[in-house]
Amino acid sequence: SISFRQSCRSAVCGSCALRVDKRGCLACRTQIIRQTTQITIDPLNHFKIIKDLVVDLEPFYEKMRQIQPYLVRGNTIPEKEIILPEALREAKSLGECILCGSCYSDCNTLDVDNSFCGPATLIKAMRFVADPRDKNDNRLPQSVELGLYKCPVNQECEFACPKEINIRRGAIERLRYLAVKKGYAPLPEHKKLINSVLETGGVVPIINKPATEIFPEYIKEFDDNPQSEILLFLGCIINRRKQNVAKAIINIFKNNKVAVHMPRKVTCCGSPFMRIGQRDNMRPFVEKNFNIFNEYADRGITNVLTSCSGCNSTFRHDFPILANEFDIPINFKIYDVGEYMYNHIDLNIEHLKSMKIKAMYHYPCHIRASGLAEEIYIDLIQKIPGIELVKVPKSGYCCGGGGGVRAAFPNLADKLAIRRIEIAKEFGIDTLITNCPFCVLSFERVLHLKEEAGEKMGFRIIDFYEMFSNAYSQRKC
């Protein structure tokens with residue numbers, strides 16, 4: 001026999017929430033395709049098990065009670081109150097939450113920090129902050145206190161939510177924006193990060209010569225006509241810290257007869273401002289970058305490629321809304337470099353050399369947030385002869401570096417990064433391949449910290465583009 005909860009069978013009550021293959025979901029709406037030979041069913045994560053699939057949800061409810069998840073009115077309530085539908089639209093969308101606990105179960109932060117209030121609590125907080133009838137002015141400072149900035153915005157909660165609530169941008173980043181507007185944020189560490197961007201034009205300081213100064217603005221190192229011409233936006237980390245990755249991407253396109261334009265006047269994508277809640281500071285970044293992109297589009301270069309997953313997500317999701325507000329046209333298309341390699345050029349795989357690597361692919365959360373399938377990058381990796389990819393369960397585990405967590409809570413970020421590596425090692429993997437520069441920095445940091453402490457991890461991080469570039473040459477990765 002097995003014990004479980006169920007009630008409505010209509011995805012309304014939320015009582016049948018559990019995990020299927022390590023992902024939170026509702027049993028009543030989760031279908032198993034006929035070809036499936038085996039599945040793993042577990043109780044929700046982060047809860048005490050009462051019996052079998054039944055868990056104690058009281059800690060989940062207790063955290064939610066801290067923000068008073070109900071309408072708080074003033075001392076006097078008007079006899080007649082007219083609320084227009086538009087005023088309640090935001091609150092209504094967030095009110096779809098059925099308290100199933102799936103988001104709480106799949107929350108990466110809660111895996112390593114039980115003090116975090118969890119996504120559902122922040123959804124409820126935003127639901128009442130957005131309600132014009134609510135008179136509780138403490139919800140924003142309470143949200144900051146309960147861990148609003150501990151979320152790395154990896155959207156694990158969003159993918160688990162059976163109601164498809166826009167948790168990241170609609171609740172968490174919206175709360176951060178309002179907290180900044182009211183003076184409860186940003187955190188001191190985030191102010192330092194923002195000042196760095198404002199002073200230097202990038203999220204990381206310049207240590208070595210930037211890639212945009214190493215390479216010419218137009219790169220075409222082959223004789224034939226190009227099969228394509230693209231504008232390459234490197235992003236701060238690759239431009240200022242990972243110049244070898246820029247070199248690798250240029251080499252990949254050289255081997256595929258793609259001409260590269262790399263304008264020097266571009267600036268930071270502004271993602272740190274959006275993630276921290278300083279949306280009102282975004283105009284200079286949108287204007288400068290999109291005006292440059294439009295200038296190239298006028299010359300026929302309409303494909304803008306990003307090599308940073310965070311830049312890609314920001315350009316794809318945030319900039320179009322902001323550009324519309326600022327009346328800036330968008331005459332170009334945004335692509336990820338890997339996405340463009342896979343879907344938009346005739347990829348030269350004939351000259352790829354064999355590379356003896358057994359590794360796992362780390363699927364960056366911002367790549368997934370851009371709507372790009374993990375299979376794109378897995379298929380690209382497997383085009384290189386000799387590489388053996390091992391699928392590690394729950395590939396969505398976060399590096400801990402996003403959402404401002406690395407800046408404000410470095411210990412939390414380190415715990416998330418090292419956990420990802422330790423899980424890989426449990427499956428006999430000693431190599432991780434990824435295409436996000438922030439993930440690479442996060443993993444390299446914790447490996448360095450481990451080595452400084454005298455613990456040899458025997459683990460290596462390989463950048464996706466450097467590996468692919470090496471496969472076009474005689475060098476081994």
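By convention here, the first residue in the shown sequence is residue 1.
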Close aromatic pair by centroid cut-off 6.0 Å: Y342 and Y377: no
Residue pair N312 / T306, side-chain donor-acceptor N/O under 3.5 Å: yes
Partners passing ring-ring contact (aromatic ring centres under 6.0 Å, His included) against Y465 (at least two apart in sequence or in another chain): none
Pairing residues for H46 by the ring-ring contact (aromatic ring centres under 6.0 Å, His included) criterion, not counting sequence neighbours: none
Donor-acceptor side-chain pairing of S102 and R19 below 3.5 angstrom: no
Note, E90 side chain near R127 side chain (heavy atom, < 4.5 Å): no
Side-chain donor-acceptor contact under 3.5 Å, K391 with Y361: no
Stepwise ring-ring contact (aromatic ring centres under 6.0 Å, His included) test for F273 and F285: CA-CA 10 Å; F273 290 85; F285 302 99; 4.9 Å; yes
Which residues share a salt bridge (Lys or Arg N to Asp or Glu O under 4.0 Å) with K181, sequence neighbours left out: D280
Pairs touching residues 78-88 that satisfy side-chain hydrogen bond (donor to acceptor under 3.5 Å, both in side chains), sequence neighbours left out: R73-E81
Residues H261 and E229: side-chain donor-acceptor under 3.5 angstrom: yes
Ring geometry between F60 and Y104 (parallel below 30°, tilted from 30 to 60°, perpendicular above 60°): perpendicular
Short side-chain donor-acceptor distance under 3.5 Å, Y340 and N303: yes
Close aromatic pair by centroid cut-off 6.0 Å: F290 and F326: no
cation_pi(R420, F443) dist<6.0 Å, angle<=45: no
Exercise: do N136 and Q68 side chains pair donor with acceptor under 3.5 Å: yes
For K150, all residues meeting salt bridge (Lys or Arg N to Asp or Glu O under 4.0 Å), sequence neighbours excluded: D113
Nearest heavy-atom neighbours spanning I367 and S309: CG1-CB, 3.5 Å
Residues forming a ring-ring contact (aromatic ring centres under 6.0 Å, His included) with F438, sequence neighbours excluded: none
Over 12 foreign heavy atoms within 6.0 Å of CZ, R9: no
R174 to Y177, cation-pi by 6.0 Å centre distance and 45° axis angle: no
